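A short worksheet on the structure shown next.
Side chains included, hydrogens not; waters and symmetry mates left out as well; all remaining heavy atoms used. Just so it is clear, the model here is predicted, and its values are computed rather than measured. Lettering follows sequence order; numbering is per chain, from 1.
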2 protein chains.
Amino acid sequence: MSADERRELVLDAATRAFARGGYHGTSTDAVAKEAGVSQPYVVRIFGTKLDLFLEVLDRSVGRIRDAFETVIAERPFDPDSEEDAIRLGEAYNELMADRDLLQVMMHGFSAGQVPEIAAHSRACMAGIFAAVLETGWPEEVARDFVAHGMLINVMLSMHAPEHLGESASLDVLARCTFGEALEVPAPGAS
Amino acid sequence: MSADERRELVLDAATRAFARGGYHGTSTDAVAKEAGVSQPYVVRIFGTKLDLFLEVLDRSVGRIRDAFETVIAERPFDPDSEEDAIRLGEAYNELMADRDLLQVMMHGFSAGQVPEIAAHSRACMAGIFAAVLETGWPEEVARDFVAHGMLINVMLSMHAPEHLGESASLDVLARCTFGEALEVPAPGAS
DNA sequence: ACAATAAGTAATCGAGTGATAACCTGTCAA
DNA sequence: TTGACAGGTTATCACTCGATTACTTATTGT
């Protein structure tokens, strides 16, 4: 297999691994096992674990932003159209199907202890917010959209959809966070 | 010093340490150094690192919830009153002054990989949302309040307030996330 | 005086971690 | 053939981590 192919394959595996454990909670060996290669090879491809994580983070957030930009650029986005707003929200729901992207983003955003991760996180957040502003929405509406995304991320991280029925108030929050998307909670994955 | 006093002292130190690094990114030795005691003593007080983290998490989220409940119970909360809404928002702003509580909460919410942390996180989130529902607000309004809190958490984690001026769109997001509280960004702490 | 108990530390262990070095193996050009 | 290079692996190192054990010190009841 060519080095570039293998590289992409390892990046996909690393995305899955980091989505589960975050930066500190995931070893390079875990990534290697997920990719089916040896641990030193992972390190040699990317230099350091930090470099690998940053690449996974940028790639994941890039895809999320692309999903938004695609929806917004598809046809003229009407900031007053309820229908267009729903379309953008559904873009996020589709990303939930591959929740790894969202979880990697969230783990990046919470690993601000590492200065370089914090810097990339700021750039990623700036990019996403800029994309959302392209809707023409007022700042406060765009902010609420992003905030809702953050809530979805933490609710996924704590596995709320898989634990419905254990707490009345959390059920209420889950239902009005995920809406109809809750009915198909993507049972697989961790 | 009595064991109970020392225990509280270590819990405070652990809150600061975990707020910086999260569960996986913080060693028991880092907690011990922060508290000025030996590492084995930290372990012996709490049994395991996980037990310590769960106690720190529960305590931190408990204090956040208490802050909300105090505001809500202070006087009859009018769900239609803009003024009362501002009072509750300011309760969150005051918590930001001791941002450790918020950061611990966030790290707990993102460490869903560890089943016990995920379970405590769900209980914590359920408790906070239940407290916010006591305002009498519609579910959607309460949800947006919590979502806004999650956005504040990630913006703090990525040190957005300390890096104003580096990205136009992030500046906009920071200003409309923190509002006037941004002027005094609590320059100390990590 | 003297056990007994509480509060803590020093020493250490075994497992896991990121990274390095050395080695192996197939393919292809000369 | 041979040699060079790309694509990997095995072995290993230095270090960190959470946890255990054994020791020390000081107070207190008798």
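A salt bridge links R87(B) and E74(B); the closest N-O separation between the charged side-chain nitrogens and carboxylate oxygens is under 4.0 Å. Between D12(B) and R59(B) there is a salt bridge, since at least one side-chain N of the basic residue sits less than 4.0 Å from a carboxylate O of the acidic one. Note on D171(A) versus R175(A): no salt bridge recorded, every NZ/NE/NH1/NH2 to OD/OE distance being 4.0 Å or above.
Position along DNA chain C of the nearest nucleotide to T28(A) versus R44(A) favours T28(A) as the more 5'-ward residue.
Note: NZ (K33(A)) to C1' (dG16(C)) measures 11 Å, nearest angstrom. Put simply, CZ on R7(B) is 16 Å from P on dA6(C), counting in whole angstrom units. With rounding to whole Å, Q39(B) atom CD is found 10 Å from dC17(D) atom P. Atom CZ in F46(A) sits about 13 Å away from atom P in dA19(C), given to the nearest Å. Remark: C1' of dC17(D) and OH of Y23(B) are 11 Å apart, rounded to the nearest angstrom. When rounded to the nearest whole Å, the span between CG of D29(A) and P of dA11(D) equals 15 Å. Whole-Å rounding puts the L52(A) CG to dA19(C) C1' distance at 14 Å. A straight line from CE of M1(B) to C1' of dG8(C) spans 12 Å, rounded to a whole angstrom.
Among the protein residues, S27(B) comes within range of the sugar-phosphate backbone only, with heavy atoms under 4.0 Å from sugar or phosphate atoms but none that close to a base. Nucleic acid contact for R6(A): sugar-phosphate only, since backbone atoms but no base atoms lie under 4.0 Å from a heavy atom of the residue.
Side-chain proximity of A3(B) to the nucleotides dT9(D), dA7(C), dC17(D) is greatest for dA7(C). Nearest nucleotide to the side chain of Y41(A), out of dA21(C), dT9(C), dG8(D): dG8(D). Distance from the side chain of P40(A) is smallest for dT20(C) among the nucleotides dT9(D), dT20(C), dA11(C).
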Evaluate R65(A) against E69(A) for salt bridge (charged side-chain N to carboxylate O under 4.0 Å, His left out), listing each step before the verdict.
CA-CA 6 Å; R65(A) 205 185 52 218; E69(A) 287 176 346; 3.8 Å; yes

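For the pair R16(B) (side chain) and D100(B) (backbone), a donor-acceptor distance under 3.5 Å is absent.
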